[in-house]
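Each remark here refers to the structure printed beneath this line.
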Amino acid sequence: NSPKIEIRQSEKQQTVAGMACKTFDRYKNGIKTSEECYVEAKDFSMPEKDKKHLLRNMKVMLHYSDTFGGLSRKFSLPETAQASLPDPANKDILLAQTCLAPDGSQAGRIEVQISNAPVEETSFEIPAGYRLMNLTQ
């Protein structure tokens, strides 16, 4: 029997990377397992040109996510409870996640750091057999 996952919006207010985000609590079989802070892609703090590309790429990723949703049901991956909110991870950007131990204490936390500094092209080498594509056109 697969675990029941439930997502509830929290009253907790958070600001991560200078952006106010919506906080959701994730429960597994009635036990709170994490607090997650999301921002809508349209509200993401970045130059408009980059935001346009992010939104377009998110649409593509959502299409693939919907395509594989049938596989999740077929192989009985964890179900989301009927009373649950839709999973914000399917459309919004995760800025922070606090994982909780079974006793409710904080087991770990990840948080996004945002930099608008240019990325050095030499930081990334193209693997053999791949080619560079310009996706901004």
Is a salt bridge present between R8 and D25, judged by a nitrogen-to-oxygen distance below 4.0 Å? no
E35/K12 salt bridge by N-O under 4.0 Å criterion: yes
Side chain proximity check, C21 to Y38, heavy atoms < 4.5 angstrom: no
Taking the side chain as C-beta and beyond, is there a heavy-atom pair between T23 and Q9 under 4.5 Å? no
So which heavy atom on A107 is nearest to which on A101, and how close? CB-N, 3.9 Å
Begin from the C-alpha positions of D43 and M19 and carry the test side chain to side chain contact (heavy atoms under 4.5 Å, CB included) through to its verdict. CA-CA 8 Å; D43 297 330; M19 292 179 276; over 6 Å; no
Compute whether any side-chain donor of one residue and acceptor of the other, for T33 and R26, lie under 3.5 angstrom apart. no
In the structure I gave you, are the side-chain heavy atoms of C37 and L94 within less than 4.5 Å of one another anywhere? no
Co-membership, hydrophobic cluster, residues V16 and I93, 4.5 Å side-chain: yes
T98 OG1 to E111 CD distance, which is reported to the nearest 0.5 Å: 8.5 Å
Indicate if L100 and Y27 have the same hydrophobic cluster label, given that clusters are the connected sets of ILVMFWY residues with side-chain heavy-atom separations under 4.5 angstrom. no
Applying the salt bridge (charged side-chain N to carboxylate O under 4.0 Å, His left out) test to K22, which of E11, E40, E36 qualifies? E40
Using a 3.5 Å distance criterion without hydrogens, assess whether the side chain of N29 forms a donor-acceptor pair with backbone atoms of P3. no
